[in-house]
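See below for the structure under consideration.
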Amino acid sequence: MSVWGKLFSAVRGGINEAAESVADTQALRTLDQEIREADAALRKARADLAGIMATAKALSRRVDEARAKDQKDLESARAAIAAGREDLARQLADRMSRNRSDLSRDEAELQRLQASQAQMLRAVQDTETRIQTMRREVESVKANESLLKAQSAIASSHAGVNSRLGSAMESLERVKKRQEAIAGRIEAGAELQALESGSSLDRALLEAGIGGNRSSSDDVFAEILRAEPKRDELPSPASVPGIGYEPKS
């Protein structure tokens, strides 16, 4: 692939990545909007469910009251027959018939409401679970996105710091080497100066006749005289073998 082709591919890849990044950001915003709309729908569903539950409870109480009234009328009708009041028993039977018709209709409505209530309750619970799951996933994606951005920024900063530190370390090494070279030259100069100072002093001493290893005959003779013993320290001739003499008897 030519250089222009590689450059075009790189630019196209960058454009695609930028477009995907924009699309991903828009997708997250869309998800946030959908979650808000789902929350609103869930609140309405809860309100509707609460209304159905209230209606079902009221209808359930009415059904219970109707059943209790039917049981009471039945007992009263049997007591009337036992007392010989068949007319009262027939009146009670007519009322029981009407009440039972209403009771049957209320029971059917109550069953329908209870079924709808159970269905809506399951739907609300499922929706709550899905919304919570979606919200956790979106928050996780956002957190990961923020973390990746932070890591990328840190990586870029770290690379720049490493580059600057590398340059600084190289400069530091050059400064240290230059300082070592200067210190070496100063030390060598001091040693040379000491040597030169010592040589000139030795030459001055020699010229003044002080020190040195050269010895003249006068110097040697003077040394012999300094080492000659005194008169009272000289041995007697008699005590020196070959020099002394014995007196004649």
Side-chain angles (χ1 to χ4, degrees), residues 1-70 99-168:
M1 182 181 294
S2 64
V3 175
W4 290 108
K6 293 180 180 179
L7 181 60
F8 178 74
S9 298
V11 171
R12 184 175 56 186
I15 294 174
N16 290 336
E17 290 178 358
E20 290 176 356
S21 177
V22 172
D24 292 340
T25 303
Q26 186 63 32
L28 291 176
R29 293 177 181 174
T30 302
L31 285 174
D32 288 337
Q33 181 63 30
E34 290 180 354
I35 289 174
R36 288 193 293 270
E37 293 177 356
D39 281 334
L42 182 60
R43 288 192 296 270
K44 186 176 184 305
R46 285 174 179 169
D48 294 341
L49 177 59
I52 292 176
M53 293 175 67
T55 302
K57 286 182 179 181
L59 188 57
S60 178
R61 287 194 297 269
R62 190 168 69 184
V63 167
D64 291 339
E65 291 172 357
R67 288 174 180 172
K69 186 177 180 180
D70 181 78
N99 289 339
R100 287 183 176 181
S101 177
D102 295 337
L103 177 61
S104 178
R105 185 178 61 255
D106 290 342
E107 287 177 342
E109 181 65 16
L110 179 61
Q111 290 179 357
R112 187 187 68 79
L113 287 176
Q114 288 176 342
S116 179
Q117 175 182 324
Q119 182 179 2
M120 288 190 66
L121 182 60
R122 288 193 299 270
V124 167
Q125 291 174 346
D126 292 341
T127 303
E128 287 178 346
T129 301
R130 292 181 62 186
I131 290 175
Q132 291 174 359
T133 301
M134 185 179 295
R135 182 177 287 111
R136 285 194 298 267
E137 290 180 353
V138 170
E139 290 176 352
S140 177
V141 169
K142 288 181 178 179
N144 288 335
E145 187 70 15
S146 299
L147 179 60
L148 290 175
K149 288 180 179 179
Q151 290 177 341
S152 298
I154 291 173
S156 299
S157 177
H158 185 66
V161 169
N162 285 340
S163 178
R164 291 192 296 271
L165 285 177
S167 299

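Nearest heavy atom pair, residue M120 against residue A45, reads CE-O, 3.7 Å. Heavy-atom minimum distance, L103 versus A66: CD1-CB, 3.6 Å. Closest approach of S116 to I52, counting heavy atoms only: OG-CD1, 3.9 Å. Between L59 and D106, the closest heavy-atom pair is CD2-O, 3.5 Å.
Rounding to the nearest 0.5 angstrom, the gap separating the CZ atom in R36 from the CG atom in L31 is 10.5 Å. Atoms OG and CD, from S60 and Q111 in turn, are 11.5 Å apart once rounded to the nearest 0.5 Å. Between R122 atom CZ and Q117 atom CD the span is 11.0 Å, to the nearest 0.5 Å. Interatomic distance, CZ of R62 versus NZ of K69, reported as 12.5 Å (0.5 Å rounding).
Judged as a salt bridge (Lys or Arg N to Asp or Glu O under 4.0 Å), and not counting sequence neighbours, the contacts of E128 are R46. Partners of K142 by salt bridge (Lys or Arg N to Asp or Glu O under 4.0 Å), not counting sequence neighbours, listed by chain and number: D32.
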- Evaluate salt bridge (Lys or Arg N to Asp or Glu O under 4.0 Å) for D126 paired with R130, printing each intermediate quantity in order. CA-CA 6 Å; D126 292 341; R130 292 181 62 186; over 6 Å; no

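Remark: the backbone N or O of A123 is paired with a side-chain donor or acceptor of T127 at under 3.5 angstrom. Proximity of a side-chain donor or acceptor of T55 to a complementary backbone N or O of G51 within less than 3.5 Å is detected.
Put simply, the residue from I131, T133, V138 that forms a side chain to side chain contact (heavy atoms under 4.5 Å, CB included) with R135 is I131.
Salt-bridge check for R43 with D39: failed, with every basic side-chain N at 4.0 Å or more from each acidic carboxylate O. Under 4.0 Å is where a charged nitrogen must lie from a carboxylate oxygen, and between R105 and D102 at least one such pair does.
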